[in-house]
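Excluded from the calculations below are hydrogen atoms, water molecules and symmetry mates; all remaining heavy atoms, backbone and side chain alike, are included. One-based numbering, in listed order, for ligands and for the atoms of each. In this text the structure is predicted, and so the values were computed from the model without any measurement.
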Amino acid sequence: MKDQGECCEPSGETLREAAENRLANAPPPDSSRPADELLHELQVHQIELEIQNETLRESQLALEESRDRYVDLYEFAPVGYLTLTATGQIAEINLTGAALLGVERKRLQHRRFDAYVAPKDRERWRRVFVAAMGADARQQADVGLQRGDGGVFPASVDCLRMGGDGAPAMVRVALADISQRRHAEEELRIAAIAFESQQGMVVTDPDGVIVRVNHAFSELTGYADYEVIGRPPPLLKSERQDDAFYQQLQAELKATGYWQGEIWSRRRSGTVYAAWLTITAVRGADGEVTHYVGAFSDITPHKEAEAEIHRLAFFDPLTNLPNRRLLCDRVDQTMAASSRSHQYGALLFLDLDNFKSLNDTRGHDIGDRWLIEVARRLQAGLREGDTVARLGGDEFVVVLAGLGVDAQDAALHAGLVGETLRASIIRPYELVGQEYRGALSIGIALFRNHDASVTEVLKQADLALYQAKSTGRNSVRFFEPAMQAALEERGALEAELRQALARGQLQLHYQAQVDAMGRVIGAEALLRWVHPQRGVIPFARFLHLAEEVGFIVPIGRWVLETACARLRVWQAIPALRGLPLAVNISGRQLRQPEFVAEVRAALEDAGVDPGCLKLELTETTVLDDVDDTLAKMSALRALGVHFVMDDYGTGCLSLLHLRRLPLDQLKIDDSFVGSIIDTPDSEVIVRTIIAMAGTLGLAVVAEGVESSAQLERLRACGCSAFQGFLFSRPQPPAEFEAHLAATPASL
Ligand code: C2E
Ligand code: MG
Ligand code: MG
């Protein structure tokens with residue numbers, strides 16, 4: 001640079017020479033002129049010379065300044081400048097260029113520029129360089145450059161050939177670090193991808209006018225971008241949320257610049273959907289909101305799943321009535337309200353009578369239909385604020401609130417509601433073409449304040465229901481404090497029953513069966529609980545309890561083993577040897593997979609003839625699972641065990657089933673026997689059963705014979721085997737055996 005500056009500087013020598021020339025060529029001094037004049041001219045000359053010198057210095061200074069400016073501009077230009085030789089060596093580089101490469105300038109001199117190009121871009125750079133050398137046009141490329149410290153940065157390289165016309169060809173390169181640009185581009189690319197995400201995106205101006213939406217927005221709302229841009233979002237509003245909701249949203253957005261929540265929106269098609277929406281305010285450098293960005297997704301499927309989960313958790317799927325959980329919640333709320341208002345409320349425990357037999361005889365589908373219809377009728381019979389829930393099976397609970405502060409009035413009202421519900425349930429039903437009549441037992445417990453817990457009140461109503469059922473079904477009963485004692489007693493009995501087996505308090509009593517001549521032809525084993533304080537309790541009275549405690553199966557097993565052991569004893573007594581013994585089998589016992597094996601084991605352990613054992617089943621037990629029953633009966637029949645259909649005539653066992661089952665005997669239910677004198681229908685039924693049994697080759701026995709009149713009528717109907725108090729009551733083994741030893745059996 002210096003050289004260049006120097007070559008342009010005007011030479012001092014040349015001026016001197018010019019002055020000397022001028023002096024030499026000047027005309028000789030005019031001696032005729034006065035000396036003053038000459039002196040004056042000399043002085044003018046002198047001044048002239050000084051002025052010329054001054055101008056010269058000034059232009060010299062200006063030149064220097066301009067050179068410095070140029071140097072500054074060149075060295076500190078925002079881009080790096082390099083001059084490369086035709087072979088790609090750095091002939092010259094400005095300070096910016098050296099700084100970009102992170103190498104001292106003097107070290108760069110004569111180095112190959114491509115040594116600083118990132119290896120992956122080197123080939124491309126060479127092509128650009130060759131192109132630049134071969135053409136007058138600018139060549140541009142973005143390449144990675146390697147700094148002295150090894151770091152790589154993206155750079156734009158701009159090449160232009162210089163020289164020619166005899167001068168060596170060079171390439172002038174302008175270098176710029178484009179990291180920031182790249183970063184900004186990357187950001188933009190990410191933003192664009194993010195904007196076109198799965199979420200619906202909408203950008204509005206500060207006044208809420210839509211300026212941009214993405215593709216997902218159109219997919220979710222059904223609106224194309226041109227339909228919404230320039231319009232306010234309220235066109236997406238649904239009426240599900242009121243103005244107050246939107247005002248609240250605006251207020252929060254204004255205060256915090258952010259809002260997130262669920263919102264109900266409307267699609268173009270008009271359908272309403274739930275969206276999860278996030279709105280964020282975008283502020284400019286001055287802090288003013290420039291835009292709002294809303295991102296939303298359709299959460300309708302989640303909402304539906306949520307609603308379904310809620311429904312499953314709190315509602316009975318069959319009837320859609322609240323379930324036990326929701327009921328407890330509602331009772332709790334009603335009680336809380338009652339402790340504020342001091343009004344009575346009532347809990348009605350409802351149980352459908354004979355639901356099980358409908359289920360058993362007509363199938364579960366029909367049973368379900370009935371339950372649905374019952375639920376509908378119960379709901380129809382209640383006021384708006386009352387609750388009806390299904391606890392499961394055939395149990396329903398109704399909660400009545402606000403029955404006033406007078407206990408009598410409250411009871412009257414609850415009783416009336418109970419009677420209304422009962423009346424609506426007993427109206428005939430049309431179930432798949434057949435008429436069905438149901439019945440309902442109701443137990444009612446009143447409550448006030450939060451005096452008792454939900455469970456307690458439920459227990460009280462349940463107890464009242466138990467009373468309603470045990471005193472003849474299809475009735476309404478109130479819980480009375482006396483019942484509480486019964487409730488507690490039941491609890492105590494439950495605990496005692498658990499011990500009864502281990503304490504040897506269970507006994508089998510035996511009741512004789514006789515022929516037309518009054519001779520003993522068999523016996524039935526009947527279970528008794530010989531309670532130390534309560535005396536002898538027949539099985540029918542603790543059957544429910546045993547079921548609740550889960551004792552039916554172990555008790556059944558004990559009965560079988562005891563009965564077989566008794567048969568073994570009888571083998572040694574001539575009067576009793578070979579006497580058939582009937583044992584009652586419960587449904588639950590029969591359903592046990594190991595039932596057949598247990599009967600066989602009981603027979604083998606006792607070493608008795610299976611032909612002496614008769615198992616009594618009821619129609620309901622059989623119908624519960626006909627195929628399973630048939631398989632088990634057949635297996636036992638093969639061993640020689642006999643079967644009796646107990647309580648025959650009360651169920652709905654079809655003739656077809658009766659024929660399929662390997663039965664030996666039908667036992668006419670005691671209800672027909674008991675009414676045979678007064679009810680002609682009963683006699684007809686008894687005759688029919690006897691005739692049908694004859695056709696099927698089955699023996700018949702009538703049970704519950706209490707009077708000679710009944711005996712005579714039964715005989716007249718063709719019956720020849722009897723059981724009942726008329727002949728003997730169920731007796732403990734010793735008594736029974738002593739009795740029989742005195743009056744030998746007829747075998
Ligand atoms: P079931 O098998 O029909 O038994 C006949 C019931 O009638 C017995 O009642 C018996 O004491 C009673 N009885 C007999 N003769 C007369 C009579 O002339 N008049 C009246 N009114 N009743 C009479 P119990 O012992 O209370 O048994 C009731 C039911 O409990 C039985 O009905 C049977 O289904 C069941 N049960 C009894 N013992 C057992 C047992 O060991 N296992 C199973 N699974 N069930 C049993
Ligand atoms: Mg029986
Ligand atoms: Mg019976």
Within the 4.5 Å heavy-atom criterion, are Leu740 and Tyr510 side-chain neighbours or not? no
Counting heavy atoms only, which part of Ser586 comes closer than 4.0 Å to ligand 1: side chain, backbone, both or neither? both
Who gets closest to atom 40 (C) of ligand 1 by heavy atom: Ile555, Asn584, Leu506? Asn584
Protein residue, atom and distance nearest to atom 30 (O) of ligand 1, heavy-atom basis: Phe539 CD2, 3.8 Å
What protein heavy atom sits nearest atom 15 (N) of ligand 1, and how far away is it? Gln511 NE2, 2.9 Å
Does a salt bridge link Lys469 with Asp353, judged by any charged N lying under 4.0 Å from a carboxylate O? yes
Between Thr629 and Arg591, do the side chains contain a donor N or O and an acceptor N or O under 3.5 Å apart? yes
Counting heavy atoms under 4.0 Å, the part of Glu703 that contacts ligand 1 is side chain
In Glu524, the N, O or S atom nearest to the Mg ion (ligand 2) is which? OE2
For Val559, the ligand 1 atoms whose distance to one of its heavy atoms is below 4.0 Å: 41 (O)
Step through the shown structure and confirm whether more than 12 heavy atoms of other residues, nucleotides or ligands are within 6.0 Å of CZ on Arg534. yes
Do the side-chain N and O atoms of Glu524 and Gln723 include a donor-acceptor pair separated by under 3.5 angstrom? yes
Looking only at protein heavy atoms, what sits closest to atom 7 (O) of ligand 1 is Asp670 OD2, 4.3 Å
Where the closest heavy atom to atom 1 (P) of ligand 1 is concerned, which of Asp646, Leu560, Val583 has it? Asp646
What I'd like to find out is whether the side chain of Gln511 reaches to under 4.5 Å of the side chain of Gln731, using heavy atoms alone. no
Using a strict cut-off of 4.0 Å, indicate which atoms of ligand 1 neighbour a heavy atom of Pro538. 26 (O)
Are Thr679 and Asp681 close enough that a side-chain donor and a side-chain acceptor fall under 3.5 Å? no
Ligand 1 N/O within reach of Leu726 N/O, cut-off under 3.5 Å: no
Can you tell which of Gln723, Arg588, Glu524, Glu706 gets a heavy atom nearest to atom 19 (N) of ligand 1? Glu706
Just checking, any donor-acceptor pair under 3.5 angstrom between side chains of Glu737 and His739? no
Just go through Leu526, Thr618, Leu615, Leu508 and tell me whose heavy atom is the nearest to atom 10 (C) of ligand 1. Leu526
Where's the contact between Ile552 and ligand 1, heavy-atom distance under 4.0 Å: side chain, backbone, both or neither? neither
Give me the residue, atom name and distance of the protein heavy atom closest to atom 28 (C) of ligand 1. Ala540 CB, 3.9 Å
Any protein heavy atom at under 4.0 Å, with atom 44 (N) of ligand 1 as the reference point? yes
Below 4.0 Å, non-hydrogen atoms only: which portion of Leu527 touches ligand 1? Side chain, backbone, both or neither. both
According to the interplanar angle, ranging from 0 to 90°, do the rings of Tyr429 and Tyr436 count as parallel (below 30°), tilted (30 to 60°) or perpendicular (above 60°)? tilted
Does the gap between the ring centers of Phe551 and Trp558 come in under 6.0 Å? no
Heavy-atom pair with the smallest gap, counting every atom of Ser634 and Pro662: N-CG, 4.1 Å
Close side-chain approach of Val622 and Met645, heavy atoms under 4.5 Å: yes
Can a non-hydrogen atom of Gly556 be found less than 4.0 Å from any atom of ligand 1? no
Decide whether the shortest distance between a heavy atom of Arg528 and an atom of ligand 1 is less than 4.0 Å. yes
Taking it one step at a time, do Asp351 and Ser441 satisfy side-chain hydrogen bond (donor to acceptor under 3.5 Å, both in side chains)? CA-CA 5 Å; Asp351 188 294; Ser441 297; over 6 Å; no
Stacked cation flag Arg557 on Phe595, 6.0 angstrom / 45 deg: no
Flag for Ser675-Asp678: side-chain donor and acceptor within less than 3.5 Å: no
Near Asp647, which atoms of ligand 1 are under 4.0 Å from a heavy atom of that residue? 3 (O)
Show me which atoms of ligand 1 lie under 4.0 Å from any heavy atom of Pro730. 11 (O)
What protein N/O/S atoms sit under 2.8 Å from the Mg ion (ligand 3), by chain and number? Asp646 OD1, Asp647 OD1, Glu703 OE1, Glu703 OE2
Note: ligand 1 atoms sitting under 4.0 Å from heavy atoms of Val705 are 18 (O)
Below the 3.5 angstrom mark, is there an N/O of Phe725, backbone or side chain, next to an N/O of ligand 1? yes
Quick one, Ile444 and Phe479 - any side-chain contact, counting heavy atoms below 4.5 Å? no
In plain terms, say whether Glu373 and Arg377 are close enough for a salt bridge, that is, a side-chain N and a carboxylate O under 4.0 Å apart. yes
